[in-house]
**Student:** 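Take a look at the following structure, please.
Numbers here are sequence positions counted from 1. Just so you know, ligand 1 is whichever comes first in the structure, and atom 1 is the first atom listed for that ligand.
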Amino acid sequence: MKNFLIVGGSSGIGLELATLLKNTHHLWVASRTPGPLAAMGITHIPLDVTAPVGSLDGLPDQLDGLVYCPGSVSLKPFKSLSAQNFQDDLELNFLGLVKILHPVMPLFREGASLVFFSSVAVGKGMPYHTSISASKGAIEGFARALAAEYAPKIRVNVIAPSLVETALTARLLNNEKKRGLLAARHPLGRVGSPGDIARMAAFLLSDDSSWMSGQVIGIDGGISTLQTP
Ligand SMILES: NC(=O)c1ccc[n+]([C@@H]2O[C@H](COP(=O)([O-])OP(=O)(O)OC[C@H]3O[C@@H](n4cnc5c(N)ncnc54)[C@H](OP(=O)(O)O)[C@@H]3O)[C@@H](O)[C@H]2O)c1
């Protein structure tokens, strides 16, 4: 049994990951609200990553991995995005991760694995994504540099999903017409499920991926690389 910290594991992809791992590993989940975690018997640590983060109370002495899930989808034309909008996205998607890692890095054991989230929109330019792409782009550069700095002790990888059905994207998928249009944009003909992404996160946390570090893995229904008729 390994010790994993999932930041933002109370809903969406993080909750799906917690559900996958809860019977085989020790989990600590940090988020603003506990969601269904108490009923699942998972330890919850109240945390807002946009507030100052000191020491994280309640963690074990050693950790084998961390997954950082908090993120946003603020799709707007560049002219409608203020500097504060960019700052807010950066705080949640990237600077919150930096704040968490400072107290947590000393806890990682040899062979620990860190998993962060980017977006398909970093590698493929998409309109209305300037702010979120800037924040997620920071994650990708940071992850590669961190992976180099901590190799071989700690591995760091990033998952770059396309549209996945969670609370975060509920507004984009709230009727059948929108859902159909967005599904059709993906060569594999559907939007993603939390499980599509959580299974990759579980693989990256596991020793099955022990020769992978510094990678950005697209799980995106083929939209980043495939041109279909
Ligand atoms: N869903 C997609 O289509 C998609 C696409 C590309 C990338 N991603 C990325 O994948 C990751 C997971 O997305 P998701 O769709 O699973 O999101 P989600 O359903 O909104 O879940 C986000 C999790 O982060 C927590 N969280 C949010 N703000 C927080 C804060 N200030 N402090 C602490 N915890 C906070 C939430 O819990 P509380 O609300 O209780 O704090 C929740 O557990 C994100 O980084 C997202 O950008 C998602």
**Student:** Will you find, in the side chains of S131 and N85, an N or O donor that is under 3.5 Å from an N or O acceptor?
**Tutor:** no
**Student:** Under the criterion side-chain contact (heavy atoms from CB on, under 4.5 Å), which of P70, S31, C69 is the partner of V7?
**Tutor:**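 It is P70, the one option of P70, S31, C69 that forms the side-chain contact (heavy atoms from CB on, under 4.5 Å) with V7.
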**Student:** Okay, side chain of D64, backbone of F4: is any donor-acceptor separation there less than 3.5 Å?
**Tutor:** no
**Student:** Using the rule that Ile, Leu, Val, Met, Phe, Trp and Tyr join whenever any side-chain heavy atoms are under 4.5 Å apart, tell me whether L168 and L97 fall into a single cluster.
**Tutor:**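 Each belongs to a different hydrophobic cluster.
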**Student:** N or O contacts of ligand 1 with protein under 3.5 Å, please list pair by pair.
**Tutor:**
{"unit_1": "ligand 1", "atom_1": "1 (N)", "unit_2": "V164", "atom_2": "O", "d": "3.2"}
{"unit_1": "ligand 1", "atom_1": "1 (N)", "unit_2": "T166", "atom_2": "OG1", "d": "3.4"}
{"unit_1": "ligand 1", "atom_1": "3 (O)", "unit_2": "V164", "atom_2": "N", "d": "2.7"}
{"unit_1": "ligand 1", "atom_1": "3 (O)", "unit_2": "V164", "atom_2": "O", "d": "3.2"}
{"unit_1": "ligand 1", "atom_1": "15 (O)", "unit_2": "T166", "atom_2": "OG1", "d": "2.5"}
{"unit_1": "ligand 1", "atom_1": "16 (O)", "unit_2": "I13", "atom_2": "N", "d": "2.8"}
{"unit_1": "ligand 1", "atom_1": "19 (O)", "unit_2": "S11", "atom_2": "OG", "d": "3.1"}
{"unit_1": "ligand 1", "atom_1": "21 (O)", "unit_2": "S11", "atom_2": "OG", "d": "3.1"}
{"unit_1": "ligand 1", "atom_1": "28 (N)", "unit_2": "R32", "atom_2": "NH2", "d": "3.3"}
{"unit_1": "ligand 1", "atom_1": "31 (N)", "unit_2": "D48", "atom_2": "OD1", "d": "2.9"}
{"unit_1": "ligand 1", "atom_1": "32 (N)", "unit_2": "V49", "atom_2": "N", "d": "2.9"}
{"unit_1": "ligand 1", "atom_1": "37 (O)", "unit_2": "S10", "atom_2": "OG", "d": "2.9"}
{"unit_1": "ligand 1", "atom_1": "39 (O)", "unit_2": "R32", "atom_2": "NH2", "d": "2.8"}
{"unit_1": "ligand 1", "atom_1": "40 (O)", "unit_2": "S10", "atom_2": "OG", "d": "3.2"}
{"unit_1": "ligand 1", "atom_1": "40 (O)", "unit_2": "T33", "atom_2": "N", "d": "2.9"}
{"unit_1": "ligand 1", "atom_1": "40 (O)", "unit_2": "T33", "atom_2": "O", "d": "3.3"}
{"unit_1": "ligand 1", "atom_1": "40 (O)", "unit_2": "T33", "atom_2": "OG1", "d": "2.4"}
{"unit_1": "ligand 1", "atom_1": "41 (O)", "unit_2": "R32", "atom_2": "N", "d": "2.9"}
{"unit_1": "ligand 1", "atom_1": "41 (O)", "unit_2": "R32", "atom_2": "NE", "d": "2.8"}
{"unit_1": "ligand 1", "atom_1": "43 (O)", "unit_2": "G8", "atom_2": "O", "d": "3.3"}
{"unit_1": "ligand 1", "atom_1": "43 (O)", "unit_2": "S10", "atom_2": "N", "d": "3.0"}
{"unit_1": "ligand 1", "atom_1": "43 (O)", "unit_2": "S10", "atom_2": "OG", "d": "2.7"}
{"unit_1": "ligand 1", "atom_1": "43 (O)", "unit_2": "S11", "atom_2": "N", "d": "3.3"}
{"unit_1": "ligand 1", "atom_1": "45 (O)", "unit_2": "C69", "atom_2": "O", "d": "2.8"}
{"unit_1": "ligand 1", "atom_1": "45 (O)", "unit_2": "P70", "atom_2": "O", "d": "3.3"}
{"unit_1": "ligand 1", "atom_1": "45 (O)", "unit_2": "K136", "atom_2": "NZ", "d": "2.9"}
{"unit_1": "ligand 1", "atom_1": "47 (O)", "unit_2": "K136", "atom_2": "NZ", "d": "2.9"}

**Student:** Would you kindly say whether S113 and N157 are connected by a side-chain donor-acceptor distance under 3.5 Å?
**Tutor:** no
**Student:** If the condition is side chain to side chain contact (heavy atoms under 4.5 Å, CB included), which residues does D208 pass it with, not counting sequence neighbours?
**Tutor:** F203, S206
